[in-house]
Amino acid sequence: MLRGAAAAAVAVPLAGGVSAGSAFASSPASAVPSHGHDGAGLGPNVLVFDPSMGDAAIQAQVDAVFTTQQSNQFGTERYALAFMPGTYTVDINVGFYTHVLGLGASPDDVVINGHVTVDAQWLQGNGTQNFWRAAENLSIVPPDGLERWAVAQAGPMRRVHVKGDMSLWPSPPGNQWSSGGFLADSVVDGQVDSGSQQQWLSRNDSFGSWTGSNWNMVFVGVEGAPAQSFPTPPYTTVDRTPVVREKPFLTVDRHGSYQVFVPALRRESTGPTWVHGPAEGRGIPLSDFHVARPGDSTARINEALAWGKHLLITPGVYPLSSPLRVSRPGTVVLGLGLATLQSTHGNTVIEVDDVSGVTVAGLLFEAASAHTPVLLRVGNGPSRLRHTFDPTALFDVYARIGGALAGGADVSVQLDSNDVICDNLWLWRADHGLDNTVGWSVNPADTGIIVNGDHVTAYALAVEHYQKYEVLWQGNHGSTYFFQNEHPYDVPTQTAWVHGGTKGYAAYKVADHVTEHHAWGLGSYCFFDLTADIYTDRAYEVPDTPGVVFTDLMTVCLNGAGGGGILHCINNTGDPVQNGFGTFNMTSYSNGTGTL
């Protein structure tokens with residue numbers, strides 16, 4: 001959400017426009033001490049811990065990583081903190097580009113008697129910039145009974161057992177806001193308190209209870225979720241998850257052998273996969289993977305993929321001058337530590353053929369050249385081929401245009417294949433960053449995601465600040481569960497942001513020929529920071545046909561005392577939010593009719 005203008009005109013100071021400059025300069029990697037064993041050859045930035053190392057030694061190394069990464073928003077260091085099965089008494093603060101993971105078969109195989117914390121003291125208690133971090137496959141036993149995970153986008157928690165309560169907003173002192181999180185396949189024994197968290201998706205979780213709301217809280221297949229009540233409070237509750245498989249994860253067996261476990265596809269599911277016994281799925285030995293490390297060439301990686309290897313990408317930044325090509329069904333491409341793949345010569349970063357069962361997970365795609373047509377592409381044009389029983393899936397996939405470096409990309413993600421599952425995507429044209437990396441013509445980007453395939457399902461789709469349609473959905477029978485969006489902040493003039501006779505662009509556009517599309521729990525916000533009196537005619541644009549149904553949608557204007565805003569919620573329906581702070585809610589829209 002609004003980076004530091006978090007809760008908007010209602011008394012929230014702006015931090016989103018602050019240039020990172022030297023405040024976000026990288027600390028030297030040498031600040032992190034040497035670590036435990038690396039029998040899997042995972043490289044120096046995967047810190048593998050086991051209980052025999054002693055809690056004090058582990059704590060020192062964890063603290064050193066946090067010191068390096070706490071405010072390192074646009075740096076190049078990347079870390080994975082991997083814990084062998086066992087019990088640890090440590091506190092883990094999770095900074096930027098830090099991935100905390102247990103290596104057991106079940107979350108309860110790795111017990112952290114302590115906290116695994118995301119807070120926001122680096123930004124005076126404002127958590128709206130707590131991006132690019134993750135925790136998964138752990139059991140957390142907070143000694144005070146409270147686990148804190150105050151994140152914004154690209155801060156997922158998966159496959160976690162919290163033995164206590166959980167807070168989703170920062171601690172005092174300061175501006176206590178957070179915005180845009182994701183929790184999946186997890187159990188919280190106690191109560192989840194969303195506090196000032198502005199929007200959130202919980203999928204296939206189990207809660208003791210839930211309290212709190214702000215703008216848009218969505219629950220899909222969650223045991224213990226609050227009842228449907230949008231907009232008062234703004235809870236959107238879908239009882240079952242129609243189709244999903246969980247993200248693959250790295251494990252170690254009792255003999256010390258590494259494998260990647262790929263969970264099985266589930267339909268009409270509720271709750272986590274692992275509570276009632278081992279999750280269904282398949283294990284792939286690490287020997288079947290090419291383990292990529294920074295410095296690997298595109299040619300070397302593509303050779304391994306062509307030979308039938310899966311791909312494990314260890315933490316680091318990978319400049320790529322040509323695409324990685326995935327052509328074999330069932331290939332797993334799994335990143336650790338927010339591994340970052342850069343397009344340096346206007347090239348696609350990853351191209352996935354129109355095959356079944358591919359996984360792309362845990363990766364940040366970045367435009368590192370002035371113009372890239374597409375960063376990630378799945379499929380290669382229109383296709384009638386169905387992948388119903390073994391769909392390709394994208395997990396924790398992020399795109400960044402600007403922020404760390406100047407660059408441009410027409411489209412961040414293009415889905416041509418049918419039946420693709422998207423699970424937690426954040427596609428971001430940067431609104432803030434290092435000097436000379438952000439501006440209307442400095443980091444140009446048209447569209448976050450184009451969906452051309454049919455039967456595509458998206459959970460937790462966040463797309464922000466693109467300059468044309470941010471989501472363009474051209475395939476049929478698509479579904480989205482939770483959408484979060486901000487229009488571009490930096491529109492210089494109204495004439496720079498028009499098409500035909502329309503002011504601006506809709507954030508979420510369903511093509512006119514589509515006959516069936518469903519979406520639940522959508523939020524779109526505007527904040528035009530150049531005080532240029534900018535308007536967009538609508539946030540959502542859809543064909544007026546009975547099969548296109550939007551449920552629980554809202555708009556927010558965050559312009560404070562400035563001019564501009566969103567003139568309609570969907571099509572030509574819904575009151576404007578403009579010329580100051582305002583919200584508008586609609587419980588449903590279909591066939592030209594909206595219900596408030």
Side-chain angles (χ1 to χ4, degrees), residues 1-18 20 23-24 59 62-63 65-73 90-96 98 100 112-135 140-157 160 162-183 188-200 202 207-217 233-234 432 527 556 558 560 581:
M1 242 302 291
L2 196 57
R3 311 287 84 84
V10 267
V12 184
L14 291 172
V18 176
F24 298 118
Q59 187 70 66
V62 167
D63 289 348
V65 170
F66 183 65
T67 297
T68 301
Q69 300 298 95
Q70 176 180 195
S71 59
N72 195 13
Q73 185 171 181
V90 293
D91 274 308
I92 305 169
N93 282 308
V94 185
F96 285 103
T98 303
V100 182
I112 305 296
N113 285 321
H115 305 89
V116 179
T117 301
V118 176
D119 210 332
Q121 299 315 303
W122 72 280
L123 199 59
Q124 294 78 53
N126 186 333
T128 59
Q129 295 183 38
N130 281 345
F131 317 136
W132 303 310
R133 62 198 76 201
I140 303 169
V141 188
D144 59 356
L146 182 64
E147 162 68 6
R148 188 176 303 279
W149 191 257
V151 294
Q153 293 81 1
M157 181 175 273
V160 165
V162 176
K163 297 185 177 182
D165 297 329
M166 186 170 178
S167 174
L168 306 180
W169 57 316
S171 62
N175 306 318
Q176 301 166 47
W177 303 285
S178 50
S179 185
F182 175 82
L183 181 69
V188 179
D189 290 344
Q191 184 175 76
V192 182
D193 181 0
S194 64
S196 64
Q197 180 66 241
Q198 289 165 334
Q199 61 270 314
W200 187 273
S202 299
F207 301 147
S209 62
W210 177 283
T211 187
S213 64
N214 197 332
W215 290 338
N216 189 29
M217 305 288 153
H432 69 279
F527 174 75
V556 180
L558 301 166
F581 176 78

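Here the structure is a predicted model, which is why all the values come from computation and not from measurement.
Remark: side-chain polar atoms of Thr211 are not paired, donor with acceptor, to backbone N or O of Gln191 under 3.5 angstrom. Gln198 places no side-chain N or O within 3.5 Å of a backbone atom of Trp177 that could act as its donor or acceptor partner. A donor-acceptor pair under 3.5 Å is absent between the side-chain atoms of Glu147 and the main chain of Val141, judged by distance alone. Looking at Asp119, its side chain never comes within 3.5 Å of a backbone N or O of Arg148 through a donor-acceptor pair.
With rounding to the nearest 0.5 Å, the separation of CD in Gln153 from OG1 in Thr128 is 9.0 Å. Asp193 contributes atom CG, which lies 8.5 Å from atom CG of Leu146 (distance to the nearest 0.5 angstrom). Interatomic distance, Trp169 CH2 to Asn214 CG, rounded to the nearest 0.5 Å: 10.5 Å. Here the straight-line distance linking atom OG of Ser209 with atom CG of Asp165 works out to 7.5 Å at 0.5 Å rounding. Atom-to-atom distance recorded for Ile140:CD1 and Thr117:OG1 is 8.0 Å, nearest 0.5 angstrom. Distance check, rounded to the nearest 0.5 Å: NZ of Lys163 to CD1 of Ile112 gives 11.5 Å.
Between Asp91 and Gln59 the shortest side-chain heavy-atom distance falls below 4.5 Å. No side-chain heavy atom of Pro142 sits under 4.5 Å from any side-chain heavy atom of Met166. In this structure the side chain of Val94 never reaches within 4.5 angstrom of the side chain of Phe66, judged on heavy atoms. Between Thr98 and Val65, the closest side-chain pair of non-hydrogen atoms falls below 4.5 Å. Taking 4.5 Å as the limit, every side-chain heavy atom of Gln69 sits out of range of all side-chain heavy atoms of Arg133. Using a 4.5 Å heavy-atom cutoff, the side chains of Trp149 and Asn130 are not in contact.
The heavy-atom pair separating Ser196 from Pro170 by the smallest distance is OG-CD, 4.5 Å. Contact record, Trp200 with Val151: CZ3-CG2, 4.0 Å, taken as the closest heavy-atom pair. Closest approach of Trp122 and Phe96 over heavy atoms only: CZ2-CZ, 3.6 Å. Of all non-hydrogen atoms in Ser213 and Pro233, the two that sit nearest each other are OG-CB, 3.5 Å. Shortest non-hydrogen contact noted between Gln199 and Gln197 is O-OE1, 3.1 Å. Between Val116 and Ala135, the shortest heavy-atom distance links the atoms CG1-CB, 4.2 Å.
Taking Phe207 as the reference, Leu183, Val188, Val192, Ser202, Asp205, Trp210, Phe219, Val222 meet the side chain to side chain contact (heavy atoms under 4.5 Å, CB included) condition, with sequence neighbours excluded. Listed by chain and number, the residues in a side chain to side chain contact (heavy atoms under 4.5 Å, CB included) with Pro143 are His115 (sequence neighbours excluded).
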